[in-house]
Amino acid sequence: MDINKLIEILKEKYPNARYELDWDNPLQLLIGTILAAQCTDERVNKVTKILFPKYPNAQAVADADIGELEEVLKPTGFYKKKAKQIQDVCRALLENFAGEVPKTMAELTTLPGVARKSANVVLNNAFRIPSGIIVDTHVHRISPRMGLTKEGNPEAIERALMKIVPQDEWVQFGPAMVLHGRYVCTAKKPKCSECVLKDICPKIGVEN
DNA sequence: CTCCCGATAT
DNA sequence: ATATCAGGAG
């Protein structure tokens with residue numbers, strides 16, 4: 001797989017790639033990303049449409065009745081854990097970060113429910129900071145398939161991608177890979193015939 | 001490795 | 001009825 005060719009083709013196919021969560025400010029993206037654990041963006045968007053007007057800022061979430069918060073979050077699954085996480089995140093933001101979403105990987109990953117994937121989503125999309133490369137379930141699946149790495153865990157895959165993709169491409173590359181995995185290079189029955197990468201992809205492990 | 005949990009498609 | 005979707009903490 002020619003990495004420069006891959007970057008070029010992805011950029012052309014997904015010029016404005018971004019995570020498909022609805023948000024108006026960094027806090028909303030952070031909350032949406034936490035809720036997106038084991039849950040589609042589509043379902044997160046349905047919930048945040050109710051959640052964000054009801055709790056318009058960090059203080060409102062911090063002060064929320066945990067039971068009411070849980071009710072709103074229920075459709076995203078793991079709702080008790082997520083309710084506590086986003087409330088604790090907002091409290092930590094108010095206490096430690098002057099109510100603002102921090103702009104570094106180290107600070108973001110101190111927050112409950114936020115590891116590298118979520119931190120990269122926030123930093124890449126809200127702040128255009130090339131903190132790393134988003135490795136969600138899609139990037140995790142398609143990177144070995146494309147022959148970009150033989151690594152199997154998210155941290156190692158991210159490290160491998162960071163080595164072969166120039167840093168000034170990370171913010172574009174990550175979200176584009178996510179979209180490509182979600183809609184074309186799917187887990188079952190990947191749509192190779194309509195894939196823009198079909199001529200340069202080794203299709204490792206893909207049955208056809 | 002287990003636990004945390006539910007909507008939608010087939 | 002069963003498959004698919006798709007992170008993080010302990």
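Letters A, B, ... mirror the listed sequences (proteins, then strands); counts begin at 1.
Atom pair A/D41:CG and C/dG7:C1' shows a separation of 12 Å (rounding to whole Å applied). Per the geometry, CG belonging to A/D88 stands 14 Å off C1' belonging to C/dG8, to the nearest Å. Protein atom CG of A/L21 is 18 Å distant from nucleotide atom P of C/dC5, rounded to whole Å. Taking atom CG on A/N45 and atom P on C/dC5, their separation rounds to 18 Å, with Å as the unit. A/R182 places its CZ atom 14 Å from the C1' atom of C/dT4, with the value rounded to the nearest Å. Atoms CG (A/L35) and C1' (B/dA7) sit 15 Å apart, rounded to a whole Å. B/dC3 atom P lies 11 Å from atom NZ of A/K81, rounded to whole Å. Rounded to whole Å, the distance from NZ on A/K74 to C1' on B/dC5 is 10 Å.
Counting non-hydrogen atoms under 4.0 angstrom, A/K189 reaches nothing in the nucleic acid. Using a 4.0 Å heavy-atom cutoff across all strands shown, A/T33 reaches no nucleic acid atom at all.
No more than 12 heavy atoms of other residues, nucleotides or ligands sit less than 6.0 Å from atom CG of A/N16.
Each side chain to side chain donor-acceptor pair (under 3.5 Å) pair with one or both residues in residues 185-195 of chain A, not counting sequence neighbours, would appear here, but there are none.
Between B/dT10 and C/dA6, the distance separating the two P atoms is 14 Å to the nearest Å. Comparing the same atom, P, in B/dC5 and in C/dT4 gives a spacing of 24 Å after rounding to whole Å. Between the P atoms of C/dC5 and B/dC4, the separation comes to 24 Å (whole Å).
Note on A/K188: a side-chain N or O is less than 4.0 Å away from OP1 or OP2 of C/dT4. Distances shorter than 4.0 Å separate some side-chain N or O of A/K117 from OP1 or OP2 on C/dG7. OP1 or OP2 of B/dT8 sits under 4.0 Å from a side-chain N or O of A/K46. For A/H140, no side-chain nitrogen or oxygen approaches OP1 or OP2 of C/dA6 to under 4.0 Å. The side chain of A/T76 contributes no N or O atom lying less than 4.0 Å from OP1 or OP2 of B/dC5.
Between A/M105 and A/R116, some side-chain heavy-atom pair lies under the 4.5 Å cut-off.
Partner A/C192 forms a side chain to side chain contact (heavy atoms under 4.5 Å, CB included) with one of A/L197, A/V206, A/V184 and no other, that one being A/V206.
Of the candidates C/dG7, C/dA6, C/dA9, the closest approach to any side-chain atom of A/A37 belongs to C/dG7. Each of B/dC5, C/dA6, C/dG7 was ranked by its minimum atom distance to the side chain of A/S118; first place goes to C/dG7. Minimum atom distance to the side chain of A/P75 is reached by B/dA7, of the listed B/dA7, B/dC5, C/dG8. The side chain of A/R43 approaches C/dC5 more closely than any other nucleotide in the set C/dA6, C/dC5, C/dG7.
Between A/A187 and A/G113, it is A/A187 whose nearest contact on DNA chain C lies nearer the 5' terminus. Nearer to the 5' terminus of DNA chain C, by closest-nucleotide assignment, is the contact made by A/R141 (compared with the other of A/R141 and A/V114).
A salt bridge is absent between A/K11 and A/E8; no separation between the charged side-chain nitrogens and carboxylate oxygens falls under 4.0 Å. A salt bridge does not link A/R159 to A/E151: none of the charged nitrogens lies less than 4.0 Å from a carboxylate oxygen.
An aromatic stacking contact between A/F78 and the base of B/dC5 is absent, as defined here by ring centres under 5.5 Å apart and ring planes under 30° from parallel.
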